[in-house]
Peer 1: 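The following block contains the structure, expressed as C-alpha cells.
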Protein chains: 2
Amino acid sequence: MGSMASTTGSRGPSEARARLIRTATELFYAEGITAVGVERLIAEAGVTRVTFYRHFPSKEDLVLAYLQAEDEAIQGAFAAAAASGAEPRALVELVIQALGDDIERQHTRGCPFINAAAEYPDASSPIRKKIAEHREWFRSTLEQVITAAELPDPAEKAGALVLLRDAAMVGGYLDGPEAVRPTFERTAREVLGV
Amino acid sequence: MGSMASTTGSRGPSEARARLIRTATELFYAEGITAVGVERLIAEAGVTRVTFYRHFPSKEDLVLAYLQAEDEAIQGAFAAAAASGAEPRALVELVIQALGDDIERQHTRGCPFINAAAEYPDASSPIRKKIAEHREWFRSTLEQVITAAELPDPAEKAGALVLLRDAAMVGGYLDGPEAVRPTFERTAREVLGV
DNA sequence: TTCTAAGTAGAAGGAACGGTCTACCTACTT
DNA sequence: AAGTAGGTAGACCGTTCCTTCTACTTAGAA
C-alpha cells in the first residue's frame, strides 16, 4: 500500500541519492562519521537499505560523496567570487571575509575535511586522498588569488593563509566563532600585508 | 599456570593501570578513539578485561585519563621551561621553538584534544569539558608568558598564538611537518612582534 | 592468620555495526 | 506490450561493540 512515492521510476540524478548525500552532509559533519550508522542515515533520509546500497556500494562511498559535495560547494563559492568581477586586490579582501563568514555561520563544528581526517589514520585511503586533493586545490587557488593581487611571496602567503583558516575553523568550533573571526581576519590581513 | 606476574598484589599506583593509559595514549592518538576497541586495548596493554574495568568503570573514563595524561605532559614541559630561569623575552622564543619541535617530532598526527573533540559533538560531555579546560589553561599560560615579556596586547596575542598552534598541528599532520614548522614559527614571531 | 586489593582466564549477553537477500511495486523507455 | 531502473518493506548474517559475570591466584596489610 505504498503511500506517496511520486518520484519512483525516474532516470535522472535520483532524489533518493540526493537526499542521502544531504543527510550524510548534515549528520557526518554534526556528529562524526564513525558515530553515524547506516541505520540512522537511511531512516533520516527516508530511504531503504536496498536503495542505499544500490547507490553506494559501501558506507565509505557515501563518505566520499559527502566530501565531494563539500568540495564542490566551496569551489562554487570561489568561482562565484571570481566571476563577480571584483578587482584582484578587492578579491583578496572578499575572500578573507567570505572565509570569516563561513566560519561564523556555516561551518561551526570545525572543518569537515580535518574532522574526517581525524577518523581516517591511513594516509593512503581513498578518503585521505580526497582530503589531500581538496587541500591542494584550496592552497593553489589561494596562491592564484594572491598572485593576481600582486602581493609578494604568493606561495608562502598561501601556505600561511591555509594554516590560519584551519586554525580559525577549529577555534570557531572549540572557543566560539565570535571571538575567533576577528582574530582570523586581522591576522590574515597582517600576514598578507593588506 | 600464570607465567611471570611479579607485580600482582601491590598497592601502589598500579602497573596495569599505567600500562593501560600508556597504550591508550598511543592507540587513541594514532587511530582515533572510536576506532580502538576495548578488546584491542587490553590485548596490547597485556591486561585482562576485568582488570580494565576495575580501574576504569567505562571506556570513557580511560579516554578522560588519556587526555589527563596529555594535559599533564604539556603542563610539565611548560613548568620545566619556566624553571629553566630564562629571561621573559627569551622564554617567548623558547616556547615558540618548543611548540614547533613538538609538532615536528612528537605530535605528528594532529592535536590529541582537537582530534578527540571531532569525535565528541556534545559540548557538555565530560570529555569536551576536559578539552575546554585544557585549552583555557593553554591560552592563559601563553598570556602570562607574553605579559611577562612585556609585549603589547597579551590577551589578544595569546588568542592568535593558540590559533596558530592549532593550525600548525593540523597542518603538520595533513601537509607534512617540515613545511609547516617554519611557517608556524615565522608567523608566530610576526604576530608577536619579536 | 586472615582479609583484601589487584591480578589472571575465559565465557557470555545484548546492542549496534556494515552488508546481503528475497519479494513486490511502479513508471519510464523501447 | 515488454523490459528495466529505481524504489519499498523487512528479515537475516556474521562481526564487533561495551560490559558483566564466575572462578581462581597471589601477595601485602591488619
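The model shown is predicted, which means the values in this text are computed figures rather than measured ones. Below, chains carry the letters A, B, ... as their sequence lines are ordered, and counting in each starts from 1.
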Peer 1: CG of A:Asp61 versus C1' of C:dG18: gap in Å, rounded?
Peer 2: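 Distance check: A:Asp61 CG to C:dG18 C1' gives 13 Å.
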Peer 1: Please report the distance, rounded to the nearest Å, between CD in B:Glu60 and P in D:dC17.
Peer 2: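 Nearest whole value for this atom pair: 18 Å.
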Peer 1: Starting from C1' on C:dG18, measure out to CD1 on A:Ile33 and report it in whole angstrom.
Peer 2: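 Rounded to whole Å, this separation is 15 Å.
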Peer 1: Of the candidate nucleotides C:dG18, C:dC17, C:dA6, which contains the atom at the shortest distance from the side chain of A:Glu39?
Peer 2: C:dC17
Peer 1: With the side chain of A:Arg49 defined as its heavy atoms from C-beta on, choose the nearest nucleotide among D:dG7, C:dC17, D:dG10.
Peer 2: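 Ranking D:dG7, C:dC17, D:dG10 by closest atom to the A:Arg49 side chain puts D:dG10 first.
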Peer 1: Measure from the side-chain heavy atoms of B:Tyr53 and tell me the nearest of C:dG18, D:dG7, D:dC18.
Peer 2: D:dC18
Peer 1: Would A:Thr23 and A:Glu44 count as having a side-chain donor-acceptor pair, cut-off 3.5 Å?
Peer 2: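 A:Glu44 and A:Thr23 do not have a side-chain donor-acceptor pair below 3.5 Å.
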Peer 1: So which of B:Val63, B:Ile127, B:Ile33 actually passes side-chain contact (heavy atoms from CB on, under 4.5 Å) with B:Glu119?
Peer 2: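 Of the listed residues B:Val63, B:Ile127, B:Ile33, the side-chain contact (heavy atoms from CB on, under 4.5 Å) partner of B:Glu119 is B:Ile33.
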Peer 1: Does the Lys NZ or Arg CZ of A:Arg17 fall within the cation-pi geometry relative to A:Phe52 - under 6.0 Å from the ring centre and within 45° of the axis?
Peer 2: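 Here A:Arg17 fails the 6.0 Å and 45° test against A:Phe52.
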Peer 1: Going by distance alone, is a donor N or O of one side chain under 3.5 Å from an acceptor N or O of the other, for B:Asp101 and B:Gln97?
Peer 2: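 B:Asp101 vs B:Gln97: no donor-acceptor pair found between side chains.
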Peer 1: Distance check needed: C:dC17 C1' versus A:Phe52 CZ, whole Å only.
Peer 2: 12 Å
Peer 1: Look at the side-chain N and O atoms of A:Thr51 and state whether any lies under 4.0 Å from the OP1 or OP2 oxygen of D:dT8.
Peer 2: yes
Peer 1: The side chain of A:Val50 is closest to which nucleotide in this list: D:dC17, D:dG7, D:dT8?
Peer 2: D:dT8
Peer 1: Quick one: do the B:His134 and B:Gln68 side chains pair a donor with an acceptor below 3.5 Å?
Peer 2: no
Peer 1: Quickly work out the B:His55 NE2 to C:dA5 P distance and round it to whole Å.
Peer 2: 13 Å
Peer 1: Mind calculating the distance between CZ (A:Arg17) and P (D:dG7) to the nearest angstrom?
Peer 2: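 Distance, rounded to whole Å: 10 Å.
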Peer 1: Taking the minimum atom-to-atom distance to the side chain of B:Arg54, which one of C:dG7, D:dT8, C:dT8 wins?
Peer 2: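 Of the candidates, C:dG7 comes closest.
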Peer 1: Answer yes or no: does a side-chain N or O of A:Ser58 lie under 4.0 Å from OP1 or OP2 of C:dG18?
Peer 2: no
Peer 1: Within the pair A:Thr48 and D:dG10, is there a side-chain N or O less than 4.0 Å away from OP1 or OP2?
Peer 2: no
Peer 1: Please give, in whole Å, the distance from C:dC28 P to A:Glu15 CD?
Peer 2: 14 Å
Peer 1: Which one, D:dA9, D:dT19, C:dG19, comes nearest to the side chain of A:Lys59?
Peer 2: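 Of all the options, the side chain of A:Lys59 is nearest to C:dG19.
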Peer 1: Which nucleotide sits closest to the side chain of A:Val47: D:dT19, C:dA6, D:dT8?
Peer 2: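 Output: D:dT8.
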Peer 1: Provide, to the nearest angstrom, the distance between the CZ atom belonging to B:Arg19 and the P atom belonging to C:dA6.
Peer 2: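 Distance check: B:Arg19 CZ to C:dA6 P gives 15 Å.
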